[in-house]
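Please read these numbers as outputs of a predicted model, since none were measured by experiment. Read the numbers this way: they start at 1 and go in the same order the structure lists the ligands and their atoms. Just so you know, residue 1 is the first one in the sequence shown, and it goes up from there.
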Amino acid sequence: MRTVNMEDTVKIFKSTRELAHFFALKLAAGIRETPESRFFSLALSGGSTPGVAFEYLASNFREHIDWQKVWLFWGDERCVVPDSYESNFRMAEESLLVHISIPASNIFGIKGEADPVTESERYEAVVRQHIPSKHGIHQFDLMMLGLGQDGHTASIFPENIHLFNSDRLFEATENPYNKQKRITATGKMINQARSVVFLVTGESKAEVVARIIKKKDGWEKLPASLVHPQNGQLLWLLDDRAASLLNL
Ligand code: 6PG
């Protein structure tokens, strides 16, 4: 692993497995350090690399993490039924939840089957009710994020980058390519987190990773470029292929 100290911390791994192991260690440490008096709030992401991290946690950290201390949320969800192959909840359930000992009462899923606007309001209320707030700021302890080739993250696409200026914590939106309705954390929710971790692998992401991290070619129009936790840490976990155009 190589660490590059830039404005944000960028860690580059030879393999997805090494990346997933580093993420698991970071998560386990954060949970261990959480005071007994409260839960550790983890916001999960959809996407292929987060999915690999779930599988790694299920295989290697089942017993190393006290999952009873963890509250699980989602940073975004597709508006589909929970057993749809497109559901982020289903992906997490199959790759992680069924393999760990976590009470159902610790799992706060976004109801993809509900009316998007109504559900975004309900989910925001659930987050406000459960996540501790500091000066009115509700902070997830850790938010996992993936990165799309177009620079989207969570379900904030370039076409709806205004969601970084929303006063809401969650909003209904849509995937502009297939018009699929989505519910997503807004920029306000993301940038309030104590720790935000991007998990990005593969050659196909190299160009967008370089645009964002090296602030090139219209980087400011990419939603993932606007992720800067105001009182928290931003960590990029990349494999060599996704980092290949950083020339580090
Ligand atoms: C989703 C995710 C989305 C994802 C990126 C990267 O619901 O799809 O929240 O933001 O993380 O699209 O996905 P891949 O890693 O599969 O390219």
Has Lys205 got any heavy atom lying under 4.0 angstrom from an atom of ligand 1? yes
Decide whether an N or O pair under 3.5 Å exists between Gly46 and ligand 1. yes
Charged N to carboxylate O below 4.0 Å: is that the case for Arg168 and Glu124? yes
Go through Gln230 and Lys188 one step at a time and tell me if the side-chain hydrogen bond (donor to acceptor under 3.5 Å, both in side chains) criterion holds. CA-CA 10 Å; Gln230 287 134 6; Lys188 181 175 182 179; over 6 Å; no
Closest approach of any protein heavy atom to atom 6 (C) of ligand 1, naming residue and atom: Leu147 O, 3.4 Å
Among all the protein's non-hydrogen atoms, which is closest to atom 16 (O) of ligand 1, and how far away is it? Ser48 N, 2.9 Å
Under 4.0 Å from one or more heavy atoms of Gly146, ligand 1 contributes atoms 11 (O)
Measuring from non-hydrogen atoms of Arg78 to any atom of ligand 1, is the shortest distance under 4.0 Å? yes
Can we say Arg182 and Glu174 salt-bridge, meaning some charged N sits less than 4.0 Å from an Asp/Glu carboxylate O? no
Heavy-atom nearest option to atom 10 (O) of ligand 1, drawn from Ala154, Ala224, Gly47: Ala154
Numbering the atoms of ligand 1 from 1, which are under 4.0 Å from a heavy atom of His152? 3 (C), 5 (C), 10 (O), 12 (O)
Contact atoms of ligand 1, heavy-atom distance to Ser45 under 4.0 Å: 9 (O), 11 (O)
Please determine if Arg38 and Asp141 form a salt bridge, counting it only when a charged side-chain N lies under 4.0 Å from a carboxylate O. yes
Would Asp83 and Arg90 pass as an ion pair if we require N to O under 4.0 Å? no
With ILVMFWY side chains joined below 4.5 Å, transitively, what does Tyr177's cluster contain besides itself? Phe157
Salt-bridged, Lys111 to Glu119, with N to O below 4.0 Å? no
